[in-house]
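Before any comments, here is the structure.
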Amino acid sequence: MILASLTGRLTMNSFPHDPMTLGAAVSIVLGAVVVAALLTYFKRWGWLWREWLTSVDPKKIGVMYITVALLMLVRGVADALMIRAQQATSVGASHGVIPVSTFQQVFSAHGTIMIFFVGMGLMFGLINLVVPLQIGARDVAFPFLNLTSFWLFFAGMILINMSLGIGEFSAAGWLAYPPLSELRYSPGVGVDYWIWSLQIAGIGSLLSGINFIVTILKMRCRGMTLMRMSMFCWSVLGSMTLVIFAFPILTVTLALLALDRSLGMHFFTAAAGGNPMMYVNLIWAWGHPEVYILILPAFGVFSEVVATFSRKRLFGYATMVWAIAAIVVLSFSVWLHHFFTMGAGADVNGFFGIMTMIIAIPTGVKVFNWLFTMYRGRIKFTTPMLWFMGFICLFTVGGVAGVVMAVPPADFQLHNSLFLVAHFHTMIISGVVFGYLAGITYWFPKIFGFTLNERLGRYSYWCWLIGFLLAFIPLYILGLMGATRRLDHYSASMGWQQLFIVAAVGVVLIMAGIGFLVLQIIVSVIQRKKNIDTTGDPWNGRTLEWSTPSPAPVFNYAVLPEVSDRDAFWAIKQAGGASKPVYEDIEMPANSGVSVVIGMLSIAFGFGMIWHIYWLAVIGLFGVVIALLVRSATDNHEYTIPAAEVERYYV
């Protein structure tokens, strides 16, 4: 009895027994042990703590976000490979390579990881790297909050991966619709892992949204009016506006589902007076803006890349700004198209179908503005530009498919099919993943001081592009043939297996693209002296970040700039360069170990809530409160960089 109160639902049976799950868990643990052993051998723990884990420098926080996101990308694509391998082999008398229960968990984990821990991680990583530099600021508005947001994101990532080794993950899909996610149908801890990993990471995202809105609105350098901001900063402002309105909906929805499961509240249990459709409305009132939360910053990346490598000002700047504003508003008016088939009625479906078609207009404005920017430009097809070209081709196809599905009668036929899966992946992979990979390649020399290997970058791009076509064109065809989502077995008489095999080959090619991306980074680090950026401006850039040395110093700017043009750095170069600065002491925010502690305590709180180890949850929650009180009672939050040290960056 005492042991049960100490361990909650956690028993020896909670650990994995099937070989595949056990192997995945062991491989993660062994990887962590190897990293820890290397850090110990090279005596780098102190360096890691001082220079990275506790640093409030947004550039380093951005690198940590991107590192975690790329690791999760490997996990997410590995899950996709398992899904496709199962669908390619589970036909007729054969039942594939993984059990049905494992398949549903992998299916749920894939969507959750790719949206929350890949897309969001890459997005916040690039925002941290670029926004302060582009607005001429030395830091973000709330440096401690920024680091804490990362560690909450990290805590959510740890919890979702702990489900591999302790317990199970949700089998209720990546959005966990009731009644499947209610306690009666999912009595294990899988849905609880889903709830608390997203709840903790989501709070971190909400805090980041507030932080970056304040940063953009209040910390722009002198002369930088809103209409002189870079398009990337405008896209971030739009995205973060969506975050602060959409993520509270997610927070409340997850809390209500947790209360259903833990205290029998039955908000979403129809048999007990609740309404599962309320959950569906709430989750998509967050979920559709989330698509634009992810894709708007990627649009901003493409705007920077196209203008730089076309050697032209961005065409239609004002219309691009208004297009972002229109997307922000309209994204809250289309959520119901995700469940046209659930009986809302013809009038409601008609309204949301029309709004879905209307929201395609501002996106089309952006596409045409990018193309007109390229028109008569001196285009240089670097790797970032290739990612853009791939995006234009794929995104147009996905957009047309989306307009088809905006018509309710067509959606009734296609909604639960693989056609929808193909459409969604076309928009997210081409619009989000391609955009952020272009951004990482584009801004890499500004952060690390050397450019990435172009040849390996092109190999990665072509593997992604061809792999994507092989992976998802068959799904469009299968959807039209009647293949449904979440399908793990089908009859041989359907004639689907060959298309599923082609789709599986496509995922293998995408994994090869990830392999080339990793190889590109490794080779580039080894050959960094060959590709070093001594100018700070390797691409002949137009915006303010390229006026700083590469890698950008911790303080970003020795003297805060003053601008008079939208393409601020281009105007400075055309005027003959900036005048020699007068160096002064600079005050910067100090490192904080409190954020790391909050992240670790959040893991303890989440784990305690998942397994009903309430003493651990209480310790975690009160520990977070105490850590915040300790932080608020501490005065030494800054340190000073002497003028002489500042000058050394420029001589």
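Basis for what follows: all heavy atoms, side chains included, without hydrogens, waters or symmetry-related copies.
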Under 3.5 Å, which donor-acceptor pairs link side chains of residues 362-379 to any protein atom two or more places apart or in another chain?
from	atom 1	to	atom 2	distance (Å)
N369	ND2	G316	O	3.3
N369	ND2	T319	OG1	2.9
W370	NE1	S303	OG	3.0
T373	OG1	F315	N	2.9
T373	OG1	N369	O	2.7

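Judged as a side-chain contact (heavy atoms from CB on, under 4.5 Å), and not counting sequence neighbours, the contacts of S55 are D57, K60, N591. The side chain to side chain donor-acceptor pair (under 3.5 Å) search around S205 returns none, not counting sequence neighbours. F424 meets the ring-ring contact (aromatic ring centres under 6.0 Å, His included) test with no other residue; sequence neighbours excluded. With sequence neighbours excluded, the residues satisfying side chain to side chain donor-acceptor pair (under 3.5 Å) with Y442 are T308, W546. Partners of A201 under the side-chain contact (heavy atoms from CB on, under 4.5 Å) rule, at least two apart in sequence or in another chain, are F117. Contacts of D585 classified as salt bridge (charged side-chain N to carboxylate O under 4.0 Å, His left out), with partners at least two apart in sequence or in another chain: none. Under the salt bridge (charged side-chain N to carboxylate O under 4.0 Å, His left out) criterion, E562 pairs with no residue at all, not counting sequence neighbours. Every residue two or more places apart in sequence or in another chain that forms a ring-ring contact (aromatic ring centres under 6.0 Å, His included) with F555 is listed here: Y649. Legend: residues meeting salt bridge (charged side-chain N to carboxylate O under 4.0 Å, His left out) with R455, ordered by chain and number and at least two apart, are absent. Residues passing the salt bridge (charged side-chain N to carboxylate O under 4.0 Å, His left out) test with D139: none are found, sequence neighbours excluded.
Listed for the N128 side chain is a donor-acceptor partner under 3.5 Å among the backbone atoms of F124.
Counting only residues at least two apart or in different chains, side chain to side chain donor-acceptor pair (under 3.5 Å) contacts with residues 425-439 comprise T426-Y476.
Relative ring orientation between F391 and F388 is described as tilted, the plane-to-plane angle lying within the 30° to 60° band.
Under a cutoff of 6.0 Å and an axis angle of 45°, R631 and F144 form a cation-pi pair.
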